[in-house]
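Down below is the structure, laid out as structure tokens.
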Amino acid sequence: MTTTRIPRSSEPDEAVDVLTSPPAARAQISDGGLAHRPGRWIDGWDPENPEQWGSVGRPIARRNLWLSIFAEFLGFAVWALWSIVVPQLNGVGFDLSVNEMFWLVSTPALVGATLRIPYTFAVPRFGGRNWTIVSALLLLLPTAALAWAVNHPELPFVALVGIAALAGVGGGNFASSMANISFFFPAKEKGAALGLNAAGGNLGTAAVQLAVPIVITIGAGVSLDRAGLMFIPLALLAAVLAWRSMDNLSNAKSDPRAYAAALRHPHTWILSFIYIGTFGSFIGYSATFPTLLKNLFPAVTISLAFMGALVGSLARPFGGYLSDRIGGAVVTCASFVAMAIGAVGGIVGLQAQSFPIFFLSFLWLFVFTGIGNGSVYRMIPAVFSGTAGGDPVSLTAAGRAAAGCIGIAGAVGAFGGFLVPQGFALSRTITGDLQAALGVMVAVYLLMLGVTWFVYLRRGSRLAALKV
């Protein structure tokens, strides 16, 4: 009788003897060299193995991808929930200044950015399926707390800030979701999978800004507590779906060397700075757009605010597509030029008190933040491979550092979601309006344009020749 031996990913030099395995374990051994253990753990996962990927690997990976997108979509929605709730608070009995509103919409971004690094390490520590369950259930805290808080206008402002901070757990979901999906797909399909995952999550921002104004006004009056309550069954559904249908990969291990190498690499910090301008702007503008519309153009319904996050999310894959063809640095530079033009348009709209000019300028801004998000993510692996030597060892080390850079840049860039609202608040405090803040944005985008051109496109630059 022939003994079938299944490689174990955690111990590559050993094997599992099927004949001596417990009956339950033997029953769980599948095609493609995979072994399934209780708790939906999979041993032997190797997406680079064509036989495994073509038989059982791709369906498993796709199932986990779609469920991950749903969970991340909810995470982004909860992360952005206060952006659409805050403009409504004074209508239900609160007495908030505009600057206090900016604090409430920026605090979730600050917490979410901070949580991104630990969330990244949670997947290798606990398993992708297990952490998706936990992270989905954690969304119950900010949603239930919000539903309670909006019915208590006597709450002190500091208490509201603390409750808003709970929504930051939704921002951490992006990091763990991206880390988890990266383990499921082969290199040739990883970019497309991560692009879908990121775009699906970003759409949660648009969805919450579209749905909440509708849900809270069903029937008579405004029931703002529904903004939180509506996500409780969805978070429970995401947890149940993850529990029933997602998988943990035993070979999904964190590599501290990746982050150590990235921290030492100067391009990590250059790219993180650039990513503040693209993703940070997207999150910051998404957080503040409803509040801006409510206070600057009160006759206009804030339900239009969802269009900004929507076009920004849909533009992200297009940024990656363009970058694959003409280079990420070129697309990033073009995005910063367009974003500077959009900010100037916002200033013109404020000076003319023209809603159409202001609104269209911000939609323009959102489109190019999305394109820039896609192009910067395309730049990261290209930059690190371009700065490495041509030997396999150097390329492997560069790939490891690039993976670490993606995690670091994602966390650093998200801090823009705090900086943008605070910039608006500071501008209003010092000058009485928001034009100064938009003027600073123009200067920052031009600075980032100059940095990107000087490092990655300047004639004579090694990386310019590689079209990173």
Between the CG atom in L210 and the CG atom in L203, the distance rounded to the nearest 0.5 Å is 11.5 Å
Scanning both residues in full, the closest heavy-atom pair of A227 with V85 reads CB-CG2, 3.7 Å
Using a 4.5 Å cut-off on heavy atoms from C-beta on, say whether the side chain of T268 contacts that of L263. no
- Query: Are any non-hydrogen side-chain atoms of C405 and L271 less than 4.5 angstrom apart?
  - Reply: yes
Using modelled atom types only, decide if a donor and an acceptor are shared between the side chain of S286 and the backbone of A80 within a distance under 3.5 Å. no
Q: Would you sort out whether F102 and L292 count as a side chain to side chain contact (heavy atoms under 4.5 Å, CB included), showing the intermediate values?
A: CA-CA 10 Å; F102 283 136; L292 293 176; 3.9 Å; yes
Worksheet entry | From CA spacing to verdict: side chain to side chain contact (heavy atoms under 4.5 Å, CB included), T132, L67 | CA-CA 9 Å; T132 302; L67 294 175; over 6 Å; no
Notebook entry, point to check: Between the main-chain N or O of R226 and the side-chain N or O of S223, is there a donor-acceptor pair closer than 3.5 Å?
Noted result: no
Sequence neighbours excluded, the answer for side-chain contact (heavy atoms from CB on, under 4.5 Å) partners of N151 is D225
CD1 of I84 to OG1 of T291, rounded to nearest 0.5 Å, is 8.0 Å
Quiz item: How about V208 and F231: do any of their side-chain heavy atoms sit closer than 4.5 Å?
Solution: yes
Next on the checklist: Between T431 and S427 (side chain of the first, backbone of the second, donor and acceptor by atom type, cut-off under 3.5 Å), is there such a pair?
Outcome noted: yes
Residues at least two apart in sequence or cross-chain that pass salt bridge (Lys or Arg N to Asp or Glu O under 4.0 Å) with R458, listed by chain then number, are none
**Request:** Over 60° means perpendicular and under 30° means parallel, so classify the ring planes of F358 and F297, tilted if in between.
**Result:** tilted
Backbone of D247 reached by a side-chain donor or acceptor of N64 within 3.5 Å | yes
Sorted by chain and number, sequence neighbours left out, salt bridge (Lys or Arg N to Asp or Glu O under 4.0 Å) with E189 holds for R58
By side-chain contact (heavy atoms from CB on, under 4.5 Å), A165 pairs with (sequence neighbours left out) T107, V111
Closest non-hydrogen atoms of N90 and M101, given as atom of the first, atom of the second and distance, are ND2-CE, 3.3 Å
- Task: Check whether more than 12 heavy atoms from other residues, nucleotides or ligands sit under 6.0 Å from atom CZ of F157, and answer yes or no.
- Result: yes
Practice problem: Apply side chain to side chain contact (heavy atoms under 4.5 Å, CB included) to L293 and F355, showing your working. | Solution: CA-CA 9 Å; L293 293 183; F355 169 73; 3.9 Å; yes
query: Would you call W82 and L89 a side-chain contact if the rule is heavy atoms closer than 4.5 Å?
result: yes
When every non-hydrogen atom of T452 is compared with those of A329, the smallest separation belongs to CG2-O, 4.0 Å
So side-chain hydrogen bond (donor to acceptor under 3.5 Å, both in side chains) across residues 116-131, not counting sequence neighbours, yields N130-N248
What one should report as the nearest heavy-atom pair of V468 and A382 is CG1-O, 3.8 Å
For this session: May I ask you to decide if N202's main-chain N or O and S313's side chain share a donor-acceptor pair within less than 3.5 Å?
Result: yes
Checklist entry - Below 6.0 angstrom between ring centroids: does that apply to H267 and Y456? => result yes
Donor-acceptor list for residues 338-347 side chains, cut-off 3.5 Å, not counting sequence neighbours:
none

Quick one: does L146's side chain get under 4.5 Å of W148's, heavy atoms only? no
Checklist line | Pair Q209-S83, side-chain donor/acceptor within less than 3.5 Å | finding: yes
Rounded to the nearest 0.5 Å, the NE2 atom of H265 sits from the CD1 atom of I408 at a distance of 11.5 Å
Problem - Evaluation steps, side chain to side chain contact (heavy atoms under 4.5 Å, CB included), between F424 and V98 - result: CA-CA 10 Å; F424 283 132; V98 176; over 6 Å; no
Correct closest heavy-atom pair for A199 and P317 would be CB-CG, 3.9 Å
Can I get a per-line list of side-chain donor-acceptor pairs under 3.5 Å for residues 301-310, giving both atom names and the distance, sequence neighbours left out?
| residue | atom | partner | partner atom | Å |
| --- | --- | --- | --- | --- |
| T301 | OG1 | S303 | N | 3.2 |
| T301 | OG1 | S303 | OG | 2.8 |

Less than 4.5 Å apart, side chain to side chain, heavy atoms only: is that true for F336 and L446? no
Describe, in one word, how the ring planes of Y321 and F318 are oriented to each other, choosing from parallel (under 30°), tilted (30 to 60°) and perpendicular (over 60°).
parallel
Worksheet item: Does the ring centre of Y377 sit less than 6.0 Å away from the ring centre of F279?
Response: no
Residues pairing under salt bridge (Lys or Arg N to Asp or Glu O under 4.0 Å) where one sits in residues 163-188, two or more places apart or in two chains, turn out to be none
In short, salt bridge (Lys or Arg N to Asp or Glu O under 4.0 Å) pairs touching residues 437-456 with sequence neighbours left out are none
Any side-chain heavy-atom pair of M246 and I133 under 4.5 Å:
no
Under 3.5 Å, which donor-acceptor pairs link side chains of residues 166-186 to any protein atom two or more places apart or in another chain?
| residue | atom | partner | partner atom | Å |
| --- | --- | --- | --- | --- |
| S176 | OG | N173 | O | 3.2 |
| S177 | OG | S68 | OG | 2.5 |
| S177 | OG | E72 | OE1 | 3.3 |
| S177 | OG | N197 | OD1 | 3.4 |
| S177 | OG | N197 | ND2 | 2.9 |
| S182 | OG | A179 | O | 2.6 |

| said: Within the structure provided, determine whether K467 and I326 are in side-chain contact (heavy-atom separation under 4.5 Å). | reply: no
In short, salt bridge (Lys or Arg N to Asp or Glu O under 4.0 Å) pairs touching residues 315-338 with sequence neighbours left out are D324-R378
Scanning both residues in full, the closest heavy-atom pair of V150 with L224 reads CG2-C, 3.8 Å
Q: Could you check whether the rings of Y259 and F121 sit parallel, tilted or perpendicular, using 30° and 60° as the cut-offs?
A: tilted
Problem - Within the 6.0 Å centroid threshold, strictly below: W66 and F70 - result: no
Apply side-chain hydrogen bond (donor to acceptor under 3.5 Å, both in side chains) to residues Y445 and S281 and explain how you reach the verdict. CA-CA 10 Å; Y445 294 147; S281 293; 2.8 Å; yes
Side-chain donor-acceptor pairs under 3.5 Å in residues 215-222, sequence neighbours left out?
| residue | atom | partner | partner atom | Å |
| --- | --- | --- | --- | --- |
| T217 | OG1 | P213 | O | 2.8 |
| T217 | OG1 | I214 | O | 3.2 |

Rounded to the nearest 0.5 angstrom, the CG-CG distance for L360 and L365 is 11.5 Å
Output for pair (L426 CG, L434 CG), nearest 0.5 Å, gives 11.0 Å
Check the pair T332 / S375 against side-chain hydrogen bond (donor to acceptor under 3.5 Å, both in side chains), numbers first and verdict last.
-> CA-CA 6 Å; T332 301; S375 63; 2.7 Å; yes
**Message:** Keeping Q353 on the side-chain end and L350 on the backbone end, is there a donor-acceptor pair under 3.5 Å?
**Reply:** yes
